[in-house]
Enquirer: 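What follows is a single structure, and I will ask about it in a moment.
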Amino acid sequence: MCGRYWRDIKFQEACKDMFDVPFDIDEILPNFNVAPTTQNPIVLQRNGTRSIEEFRWGLIPFYEKEGKPKYPYFNARAEKLTETATYKEPFKKYRCIVPVSGFYEWKKSGGEKYPYGFQLQNKPIMPLAGLYYEWESPDGTKKIPSYTIITTDSNDTVGEIHDKQRMPVVLTEEDFDFWLDPENENTKAYYDAGIFEPYPDDGMRRFPVSQKVNSTRNNGPELIEEVDEWK
């Protein structure tokens, strides 16, 4: 599961360096407590052109009549992508990358939720595998671009904290062209290539952060400051 993440003050320049696509850097502001239903940048490729655009976090399926799904669809299980109607078509044609600085998960104990931050070692951007879809109302008067983050089995770094043993799928830069190619509808190829394998433990850092993260009302750089280890 991945239900909260952040982008820090280094995000804009780091994103530009990693993806080499034109975009207005001033429009992508830091956000230290990104939650579902908010607008966030994703990387996608259409008509041979790669771009960064802002979409709503929480996929709106094609079959929704009013654009208000009962289920949030902010995560999609990798093993269910070819079986679930919500994700089957986007998996074929509308794959994206969700760039983040890091994500949060919680350890539950004694009725309390203790948050941890997760980042890549020595890399300012964590590129997550996602799916997108541009929902359109039946009468064609309204469009809502939206996305979801794909999850897989967790590695030990995340699994020791997250009780559901899930984590987002983290891509390598070598995966980008393969993953974003809209001409490739052979979805089996992504499983065969190991795209959905958990990211290696030695490439990831975990650290305890303030319980202020628990409330989406809180937002600031202090949320990603390391605190004493939760006991």
Side-chain angles (χ1 to χ4, degrees), residues 1-5 34-46 50 53-100 103-106 118 126-140 142-155 158-159 161-172 175-199:
M1 183 175 177
C2 178
R4 210 83 64 77
Y5 64 82
V34 178
T37 73
T38 58
Q39 298 288 121
N40 301 289
I42 65 170
V43 181
L44 51 88
Q45 187 167 314
R46 290 181 291 200
R50 192 170 296 179
E53 302 177 25
E54 287 199 318
F55 279 44
R56 174 191 183 275
W57 185 12
L59 196 75
I60 300 178
F62 67 92
Y63 50 78
E64 288 293 335
K65 301 301 183 184
E66 298 180 359
K68 298 178 180 180
K70 295 179 180 179
Y71 186 76
Y73 297 113
F74 58 84
N75 283 165
R77 296 176 70 95
E79 62 272 25
K80 299 289 186 180
L81 296 180
T82 59
E83 303 172 11
T84 308
T86 302
Y87 307 124
K88 194 171 183 177
E89 192 68 10
F91 185 28
K92 280 185 178 181
K93 299 179 179 179
Y94 309 119
R95 296 175 297 274
C96 66
I97 298 172
V98 183
V100 309
F103 67 91
Y104 300 107
E105 287 296 354
W106 283 260
F118 296 85
M126 181 184 287
L128 307 182
L131 306 175
Y132 75 93
Y133 186 73
E134 296 183 89
W135 178 86
E136 185 173 355
S137 61
D139 61 6
K142 185 178 181 181
K143 289 186 178 181
I144 304 177
S146 60
Y147 71 95
T148 187
I149 293 172
I150 301 172
T151 66
T152 188
D153 294 332
S154 64
N155 58 22
V158 179
I161 299 302
H162 191 16
D163 60 350
K164 295 187 183 300
Q165 301 289 303
R166 304 291 296 181
M167 67 177 289
V169 173
V170 182
L171 300 171
T172 66
D175 296 328
F176 290 176
D177 290 343
F178 179 45
W179 179 251
L180 291 176
D181 182 6
E183 301 300 317
N184 183 18
E185 296 188 13
N186 177 16
T187 54
K188 183 177 182 296
Y190 294 106
Y191 292 100
D192 293 342
I195 290 287
F196 304 124
E197 292 298 314
Y199 198 81

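Sequence positions, counted from 1, serve as the residue numbers for this chain.
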Enquirer: Is the closest side-chain heavy-atom distance between Leu128 and Val100 below 4.5 Å?
Expert: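 When only atoms from C-beta onward are counted, Val100 and Leu128 do touch, with a gap below 4.5 Å.
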
Enquirer: Is there a side-chain contact between Met167 and Glu105, using heavy atoms and a 4.5 Å cut-off?
Expert: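 Heavy-atom side-chain distance check fails, nothing below 4.5 Å.
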
Enquirer: Within a 6.0 Å radius of atom OH on Tyr71, are there more than 12 heavy atoms belonging to other residues, nucleotides or ligands?
Expert: no

Enquirer: Keeping Tyr191 on the side-chain end and Ala78 on the backbone end, is there a donor-acceptor pair under 3.5 Å?
Expert: yes

Enquirer: Counting C-beta onward and ignoring hydrogens, is there a side-chain heavy-atom pair between Leu59 and Tyr87 closer than 4.5 Å?
Expert: yes

Enquirer: Quick one: does Phe176's side chain get under 4.5 Å of Val43's, heavy atoms only?
Expert: no

Enquirer: Would you please name every residue forming a side-chain contact (heavy atoms from CB on, under 4.5 Å) with Asp192, sequence neighbours left out?
Expert: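 For Asp192, the residues satisfying side-chain contact (heavy atoms from CB on, under 4.5 Å) (neighbours in sequence not counted) are Lys188.
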
Enquirer: Could you give all pairs that pass the side chain to side chain donor-acceptor pair (under 3.5 Å) test and reach residues 178-187, with sequence neighbours left out?
Expert: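 Matches after skipping sequence neighbours: Asn184-Tyr190.
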
Enquirer: Only one of Leu180, Leu44, Ile97 clears side-chain contact (heavy atoms from CB on, under 4.5 Å) with Arg50; which?
Expert: Leu180

Enquirer: Assess whether atom CD of Glu83 is packed by more than 12 heavy atoms of other residues, nucleotides or ligands within 6.0 Å.
Expert: yes

Enquirer: Please check if the distance between the ring centroids of Phe55 and Tyr132 is under 6.0 Å.
Expert: yes

Enquirer: Does some side-chain heavy atom of Glu134 sit less than 4.5 Å from a side-chain heavy atom of Pro145?
Expert: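 Yes - at least one pair of side-chain heavy atoms lies under 4.5 Å apart.
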
